[in-house]
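Data first, discussion second: the structure below is written as structure tokens.
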Number of protein chains: 2
Amino acid sequence: MTSKHIVYHIPVCPFSQRLEILLALRGQTDAVEFRVVDITKPRDPELLAKTRGTTALPVLETPDGRIIKESLVILRFLDEALAGPTLRRGDPVEHAIESMLVAKEGPFTTAGYLFVLNQDRDRRDEFNDKMLSLYRDLNDFLAHWNPDGTWLFDDFGLAEAVFTPMFKRFWFLDYYEGFELPDGDDYARVRTWRDACMAHPATGQVSEEEIVKLYYDYALGAGNGALVKGREMSSFAFEPHWRDRPWPPRAKYDGTASDRDLGLIA
Amino acid sequence: MTSKHIVYHIPVCPFSQRLEILLALRGQTDAVEFRVVDITKPRDPELLAKTRGTTALPVLETPDGRIIKESLVILRFLDEALAGPTLRRGDPVEHAIESMLVAKEGPFTTAGYLFVLNQDRDRRDEFNDKMLSLYRDLNDFLAHWNPDGTWLFDDFGLAEAVFTPMFKRFWFLDYYEGFELPDGDDYARVRTWRDACMAHPATGQVSEEEIVKLYYDYALGAGNGALVKGREMSSFAFEPHWRDRPWPPRAKYDGTASDRDLGLIA
């Protein structure tokens, strides 16, 4: 038994980056011990017993051994359980407003992952349009509730902690799909928000280079550590370190580069 | 401007029944004014302006005119905003536990609606199996956190308010699909919970007869007030009142009964 909360997580996972952002903002990075789970190996039986069969990460173990699952449940729990002022808005109406924005994250995340995973060149525009429609919806929401501001309210808050890891993840769309927000009023407010979220000092846990290199296999349709056909190494491999590998080719619809060209084998 | 919260809702909607259950449990049924929206008519432009184009219900309007959407966001907002002890657990870990259970409601609801809407007799068992798997998951959850109890904790709480309207809705599965929970340990704990939820005095807003009669068109594949082919009246019609109509035929895969046989026209 430990006096700290333990979070079991996959490195670079956006769902645990949220928790790191929260801890950084709350000035309590020591309140939680992060333990890395290697998803390329069979799951540790002890952890599997704790999670009672499910393998989704992150999970949090309280000091008295209770297991909390679901990224957003863990995020809200930590925000409430840690000493000091919460990241969430104290006012019930304002908290409801940020919760409405948080509720938009699921479809947003799904759309971005489906887009990067798509292997049918003819469907590329359809995924791009879907993504843009969700950005317009975020734009509308922010423009309604805080038309002249940067954040949803007056500072980086709960909704920003939820969305920022996804904005950073979607560097893979910029790189592999040439995705970009069009100019104009339909996107101006969400662009301000997104840029501020990504530049905030509490959100520097990952870099564009890291995301682009690690998620190359996603761009080839292989999610969750699955191996791309014709390859022997995953782009998520811990070794060689991503810093020591070249940037992958952008042309995702042309088939995979070799393990060697990707710097995965010598 | 009014001093009350206003909820715009569809009568008999499970997503607003949650709010009614909360208000009943909190002893504050007067804290909210419910205004009925007739979904068979074009939406009132004033309400459409308030919701900025979206038509999903319920929505809540605060006394100062702010619009809160999303059933679970409204539920949590009211619980927090009303004077007196909350329905949610005060302890952060216990609240996280009930939130994990609440997170299971979305897939549960989706599975039940897809099952009742299904029109392919050959796929009936597949939908039935899916529903049973979700009940087993609820059983496992409850058996882990409170093996010998009735509720998730010691009384009807937030998770019960979320699930009970769905349990009652799914009377349509009992009636039109002959759905029932099998005997045995895989379902015993969730059966106890479900039965207690459905029998709780705060949850009597709808009856089995009402659900079965109103949702007949869902059993024929027509959701959201759509008209069944060969019929001129919706089973959701306000007139004639459902009490004055006969029980519909159970045999959903044999095609629709006539408006006359359903008591929808004289």
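Here is the naming used below: chain letters follow the sequence lines, and residue numbers restart at 1 for every chain.
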CA sep, side-chain torsions, deciding dist, call: A:Ser71, A:Arg18, side chain to side chain donor-acceptor pair (under 3.5 Å):
CA-CA 8 Å; A:Ser71 160; A:Arg18 283 175 187 157; 2.6 Å; yes
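When heavy atoms are compared at a cutoff of 4.5 Å, A:Asp79 does not approach chain B at all.
Tested against A:Glu61, the residues A:Arg66, A:Arg35, A:Lys50 include a single salt bridge (charged side-chain N to carboxylate O under 4.0 Å, His left out) partner, A:Lys50.
Interface remark: of the candidates A:Asp91, A:Val73, A:Asp140, A:Val93, A:Val93 forms the most heavy-atom pairs closer than 4.5 Å to chain B. Interface summary for chain B: among A:Leu78, A:Ile74, A:Ile67, A:Leu72, the most heavy-atom pairs under 4.5 angstrom belong to A:Ile67.
A salt bridge links A:Arg88 to B:Glu80: at least one charged side-chain nitrogen sits closer than 4.0 Å to a carboxylate oxygen.
Proximity of B:Leu181 to B:Arg194: side-chain heavy atoms (C-beta onward) are separated by under 4.5 Å at one or more points.
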